[in-house]
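Just below is one structure, and these are the notes that go with it.
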Amino acid sequence: MQLNEIQRQAVLETDKPLLVIAGAGSGKTRVIIEKITHLITHCQLLPKDIIAVTFTAKAANEMRKRIAKRLVKSKYKGLNISTFHGLGLKILQKEYALVNLKSGFSILDNSDVRVVLQDTMRQYHEDDKIDVDNVLFQISAWKNQLIQPDQAIVESNDANLALMAAIYKRYDTILRAYNAVDFDDLIVLPVSLFQKNAACLRQWQLKIRYLLVDEYQDINAAQYQFIQCLVGFYERFTLVGDDDQSIYAWRGARVENMTQVTVDYPSLIVLKLEQNYRSSRRILKVANALIAHNNNHFKKKLWSQLALGKPIRVIGCASEEAEAERIVLEIITHQLRYKTAYGDYAILYRSNYQSRVLEIKLKEHQIPYYLACGVSFFSRVEVKDILAYCQLLVNPNDNHAFLRILNVPKREIGLTTLSVLTSYSEERGISLSEACEEFALESRLKASGLKKLKQFIHWMSRLRAECTDPLAIIQRIIDVTGYEKWLIDTSKTIEAAKKRMHHVHLLLSMIERQLVYSDPELPDLDRLSQTIAKLMLYDLLNQQAEKTQDQQVQLLTLHAAKGLEFPYVFIAGLEEDILPHKNSSDQTGIEEERRLMYVGLTRAQKELVLTLSKKRKRYGELMSTTPSPFLDELPQEDLIYENVDDMDNHQQPDAMHGRDILNCLLNDLEA
């Protein structure tokens, strides 16, 4: 595909700040890749002077692969393509001392953060009155708005928020004592550093001669400040995003940042990519009509040179089970007729619970499918155990890692000993490892308990001192502790233990591969620290490498479908209170739900089917539903309704039920 005129303008504009409003399927990633190539080959910028940031490790990896196809390695070596949080991690690993961290700081994942928060909440005797997930959500919201604990305490206007703010302050203190950070800190701490330390900010601004940001519409307040800090007085940047696809307000994204940048940078140039290379003209017409009901600052209209395409079908079903059955039978008949792959089909829905009945029907018909969720490799107990040993090896102040593996395998260190140790460390404001070495602890603990604690920390200290080969040290930990036997003793079967040990070996292979990319000039412990941090961040971004899904029907939420495309798309549950969601009562919420539907519509390349159920179970009862108001906002001449006549006033042609369609097709094939 050659660049069109607007794409070419976006690539060539390098002297002024640029905002590219990139509609769905308009080739925005190609623009970013071509612009990076142009900056290196025609603007005399070195690869190390350019930073491109996006939101997922998957998107960053895709950019790297495409750059590798455009330039020889010597031309792009040193180019920094990463996630926002990956860039934040790089800054913290360089400037840790300036934010009161020590070398080898740990990154806590969500499960670790919940444990820390639960322990904090118990100190306030409120762990049974307030949900830890609500506290976690609120603390993340404060951090994403760059609100520090003391400010949160001052601004909390009710008892519930005041309690959360107090927990936030204590939680923040504990993280620093652990020499640890959470996911949000990877942005918040660099921004705080840059705002307070002009010399440090200047150094980083000089390193970045050009900044490119993908998925700009998804940034929150902290990330916007992050960008402002990094671009500095050069103001040489390209932001690429689509306000019509801003669907993450619930996690802090602010669509207002699309317009704010036009105020903060008066010389900003705005270009719109409106030619779509993905979808049929009919699908684009329907999507344009829907999103036109939003009050958008940047008006655009997607167009395509592709075929008009088939009308969009809207199918009413008697129940959610009938809806799932109809979708599955539609896929079977279509796949048999056109000899397509199962991977060509995607079923999208608003909420995760909608997938359950779809899974049942797919299994009944023996249709392979891929559900876009699952257990993270890094959340497995055995993987977290070995990572905890690694984290304590590089960061002796990591209390969470200390507590996790102190009795894994068993060292017969009792709860009483741990309780005394924990209380003492909190009184002194020091880590558990440091507390074990203090003379005053001897007066509080029995000699046997103290001896076992000292044996453990002295063993870890020796390992730390002898770490000239990180992999060998990790293997020694596994061997000396008898970890494999521990898995056998704690697993239900030998086969389960073998599978768990296989996960440990996979982790060692990952560490080995990542160590190759670490800085060879750093001490071995620091190399291991960098490697563990990268793996933890990789998990937090939820982007483990996925197996090929060419032969599986894809089941995804509308949020998870963003950035993807499929030849044939079904969107299930086009009903009031589902899409739009029942919690979206005000204009802002409805507009976000409309953008979410717009994202779903524009995932389809060739054909699009919308389904709804006439009755659906709610609270155990079968209740009547109302069609989604979004259906009325679509151009009716491009829709074909089936079995919807008794739900509203839409006219429909005569329609067959799913099994009738399947039987007719099978008869045709047999004939």
Side-chain angles (χ1 to χ4, degrees), residues 1-56 59-84 87 207-219 227 230-232 234-245 257-258 261-262 265-278 298 300-306 563 565:
M1 178 182 85
Q2 298 294 320
L3 293 176
N4 62 41
E5 179 57 29
I6 305 300
Q7 289 175 328
R8 192 178 69 82
Q9 290 179 39
V11 168
L12 296 180
E13 180 51 66
T14 59
D15 293 326
K16 294 182 179 180
L18 174 66
L19 173 63
V20 179
I21 308 298
S26 62
K28 67 180 179 64
T29 304
R30 179 178 175 83
V31 168
I32 293 173
I33 298 304
E34 292 298 326
K35 184 146 198 173
I36 291 172
T37 303
H38 177 73
L39 289 168
I40 293 172
T41 57
H42 294 94
C43 299
Q44 287 73 53
L45 286 186
L46 297 175
K48 66 180 181 63
D49 297 331
I50 303 168
I51 288 184
V53 291
T54 187
F55 278 84
T56 67
N61 287 335
E62 178 64 21
M63 281 192 194
R64 291 188 196 101
K65 290 177 183 177
R66 292 177 66 168
I67 280 287
K69 292 179 180 179
R70 290 288 287 113
L71 296 170
V72 296
K73 189 172 184 178
S74 60
K75 288 284 189 181
Y76 67 84
K77 186 177 181 181
L79 178 67
N80 192 334
I81 299 177
S82 73
T83 62
F84 271 97
L87 178 58
K207 290 179 181 180
I208 303 174
R209 301 289 301 280
Y210 205 95
L211 179 70
L212 301 101
V213 178
D214 190 17
E215 303 290 2
Y216 174 67
Q217 77 281 345
D218 292 337
I219 68 170
I227 292 170
L230 292 174
V231 298
Y234 283 128
E235 294 189 0
R236 298 178 70 191
F237 60 79
T238 294
L239 311 175
V240 183
D242 181 8
D243 50 337
D244 290 337
Q245 296 186 71
N257 287 326
M258 297 290 290
V261 71
T262 64
Y265 298 91
S267 61
L268 182 81
I269 294 174
V270 178
L271 296 175
K272 297 179 185 178
L273 300 181
E274 297 174 291
Q275 183 174 358
N276 176 284
Y277 296 92
R278 173 191 298 159
F298 301 102
K300 63 179 179 301
K301 189 173 184 180
L302 296 181
W303 61 277
S304 174
Q305 293 180 338
L306 299 176
E565 58 185 40

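The shortest side-chain heavy-atom distance between Tyr76 and Thr37 does not fall under the 4.5 Å cut-off. Inter-residue side-chain proximity for Ser82 and Val53 is flagged as met; some heavy-atom pair is nearer than 4.5 Å. Between Phe84 and Asp218 there is no side-chain heavy-atom pair separated by less than 4.5 Å. Using a 4.5 Å heavy-atom threshold, the side chains of Pro47 and Lys77 count as separate. Within the 4.5 Å cutoff, the side chain of Asp214 has heavy atoms near those of the Lys28 side chain. The shortest side-chain heavy-atom distance between Lys300 and Asp244 falls under the 4.5 Å cut-off. Side chains of Gln2 and Gln7 form no contact here, defined as non-hydrogen atoms less than 4.5 Å apart. Glu13 is not listed as a side-chain neighbour of Gln9, based on a closest heavy-atom distance of 4.5 Å or more.
Side-chain polar atoms of Tyr210 and Thr238 form a donor-acceptor pair below 3.5 angstrom.
Taking each heavy atom of Asn4 and Ile6 in turn, the nearest pair found is OD1-N, 3.1 Å. When all heavy atoms of Val240 and Ala22 are compared, the pair lying nearest together is CG1-CB, 3.9 Å.
Between the CG atom in Leu273 and the CD1 atom in Ile21 there is a gap of 9.0 Å [rounded to 0.5 Å]. Between Asp243 atom CG and Met258 atom CE the span is 4.5 Å, to the nearest 0.5 Å. The distance from the CD1 atom of Ile227 to the CG atom of Asn257 is 8.0 Å, given to the nearest 0.5 Å. For the atom pair CG of Leu46 and NZ of Lys75, the computed distance is 10.5 Å after rounding to the nearest 0.5 Å. Taking CD of Glu34 as the reference point, atom OG1 of Thr41 lies at 9.0 Å (rounded to 0.5 Å). Atom-to-atom distance recorded for Asp49:CG and Cys43:SG is 11.5 Å, nearest 0.5 angstrom.
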Derivation of the side-chain contact (heavy atoms from CB on, under 4.5 Å) call for Leu306 and Tyr277:
CA-CA 8 Å; Leu306 299 176; Tyr277 296 92; 6.0 Å; no

Give the C-alpha distance, both sets of side-chain angles, the deciding distance and a yes or no for side-chain contact (heavy atoms from CB on, under 4.5 Å) between Val231 and Tyr234.
CA-CA 6 Å; Val231 298; Tyr234 283 128; over 6 Å; no

Determine, stepwise, if the pair Ile33 / Ile67 fulfils side-chain contact (heavy atoms from CB on, under 4.5 Å).
CA-CA 6 Å; Ile33 298 304; Ile67 280 287; 3.8 Å; yes

Leu87 and Leu230: side-chain contact (heavy atoms from CB on, under 4.5 Å), yes or no, with the steps?
CA-CA 11 Å; Leu87 178 58; Leu230 292 174; 3.7 Å; yes

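Listed for the Lys35 side chain is a donor-acceptor partner under 3.5 Å among the backbone atoms of Ala10. Between the side chain of Glu215 and the backbone N or O of Thr54, no donor-acceptor pair lies under 3.5 Å. Using a distance-only test at 3.5 Å, with no hydrogens or angles considered, no donor-acceptor pair links the side chain of Glu62 to the main chain of Arg64.
Across Ile36, Leu39, Leu79, Thr14, a single residue satisfies side-chain contact (heavy atoms from CB on, under 4.5 Å) together with Leu45, and that is Leu39.
Surrounding NZ of Lys207 are more than 12 heavy atoms belonging to other residues, nucleotides or ligands, all under 6.0 Å away.
Classification of the Phe237-Tyr265 ring pair by plane angle, with boundaries at 30° and 60°, yields perpendicular.
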